[in-house]
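One-based numbering along the sequence shown. Just follow the structure's listing: the first ligand is 1, and inside any ligand the first atom is 1. Side chains included, hydrogens not; waters and symmetry mates left out as well; all remaining heavy atoms used.
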Amino acid sequence: MSADPALVAAINRLRKERNAVILAHYYQEPAIQDIADFIGDSLELSRKAASTAADVIVFCGVHFMAETAKILSPEKTVVLPDLDAGCSLADDCAADEFARFRAEHPDHLVVSYINCTAAVKAQSDLICTSSNAVDLVNQLPADRPILFAPDQNLGRWVQRQSGRELTLWPGRCIVHETFSEEAVLRLKLENPQAEVIAHPECLENLLDLADFIGSTSKLLNYTQSSPSDTFIVLTEPGILHQMKQRVPDKTLIDVPGLDGCSCNACPYMRLNTLEKLRDCLETLSPQIAMDESLRSKAEAPIRRMLEMSR
Ligand code: 13P
Ligand code: SF4
């Protein structure tokens, strides 16, 4: 279904008037991806937020992403179309409980996945995303033990890839843990030529079935670089919109959730709509605001990540 032309025109007029840049994650609805100035994975979006010359950043993604943009570009106005667009991983890791966890492991380096709040980032030595986690952990001194939070599934995968022992915080993504192993096995039988590609937030038994594992951007690029013509895609289905444009002649198979539910659409990401995007450009709200001492503490481990990422 194509977007309402009047709505699109209003967004285009407002983004010029506000000198705004619209950043969107691949899990946004197709109409938002189509109107964005830049689409990317968490790492690419952070880099863009840190380097943009715009006065206003409209972050079409979830709260921790917009918060990261504000941490990196405090002088900019950062708005999120729906302030309730959270993330189960960030919600599963309260700052005070995390402080207790750190206190129990005082000699550990703390590596936190970017899917966490600013208050958890501020207690971390290094931030990572799904696209650089293995590479960053490999760069840490071999004699230092590591705490990894908040995604235990990503942590387990990093552990296997790096050979480093990680002490894991028990968080999980409510979207990626719903994929059905039975459905993937059936799809593999029906499509023996297909490659299974998966986001590392999936459960270990699903990752064991994957031919390729990576961040959203890496999955997207892989559909282009692989000679395969069929892919069983184990991540949020918003990514299929870009995949269909990059590889229009290939077959992309979306995997249902447990019991055939469509719970593999992220309920937080999907709170953002074109109407809310227009409204936040109009009113410059809801804005991301943060205490300066928290912001500067959270900035240090993100900057470290950007410097260490190749
Ligand atoms: P990416 O960094 O791969 O874009 O992942 C973000 C995310 O929230 C996945 O659920
Ligand atoms: Fe968070 Fe999972 Fe949604 Fe990504 S897909 S934003 S990890 S709840």
Taking 4.0 angstrom as the limit and counting only heavy atoms of [X], give me the atoms of ligand 1 inside it, by number and element.
X      : value
His25  : 1 (P), 4 (O), 5 (O), 6 (C)
Ser215 : 3 (O)
Asn115 : 7 (C), 8 (O)
Thr216 : 1 (P), 3 (O), 4 (O)
Ser130 : 1 (P), 2 (O), 3 (O)

Subject >> Proximal protein heteroatoms (N, O or S) of atom 1 (Fe) of ligand 2, under 2.8 Å >> reply: Cys87 SG
Original post:
Under the ring-ring contact (aromatic ring centres under 6.0 Å, His included) test, which residues partner Phe38, sequence neighbours left out?
Top reply: none
Original post:
Minimum heavy-atom separation for Leu166 to Gly155, with atom names?
Top reply: CD1-O, 3.5 Å
Would [X] and [Y] pass as an ion pair if we require N to O under 4.0 Å?
X      : Y      : answer
Glu190 : Arg186 : yes
Lys121 : Glu67  : no
Asp125 : Arg102 : no
Arg295 : Glu292 : yes
Glu195 : Lys250 : no
Arg15  : Asp37  : yes

Original post:
Is Ile22 reachable from Leu14 through a run of I, L, V, M, F, W or Y residues, each pair having side-chain heavy atoms under 4.5 Å apart?
Top reply: yes
Original post:
How are the rings of Phe101 and Phe98 set relative to one another: parallel (under 30°), tilted (30 to 60°) or perpendicular (over 60°)?
Top reply: tilted
Checking a contact table here: which protein heavy atom is nearest [atom], and how many Å away?
atom                    : value
atom 10 (O) of ligand 1 : Glu201 OE1, 2.8 Å
atom 2 (O) of ligand 1  : Ser42 OG, 2.8 Å
atom 5 (O) of ligand 1  : His199 NE2, 3.3 Å

Is the closest heavy-atom distance from [X] to ligand 1 below 4.0 Å?
X      : value
Cys173 : no
His176 : yes
Tyr27  : yes
Lys218 : no

**OP:** Going by the side-chain contact (heavy atoms from CB on, under 4.5 Å) test, name the single residue among Thr52, Ile288, Asp55 that passes it with Lys76.
**Re:** Thr52
**OP:** List the steps, then state whether side-chain contact (heavy atoms from CB on, under 4.5 Å) holds for Phe59 with Leu45.
**Re:** CA-CA 9 Å; Phe59 213 115; Leu45 290 168; 3.7 Å; yes
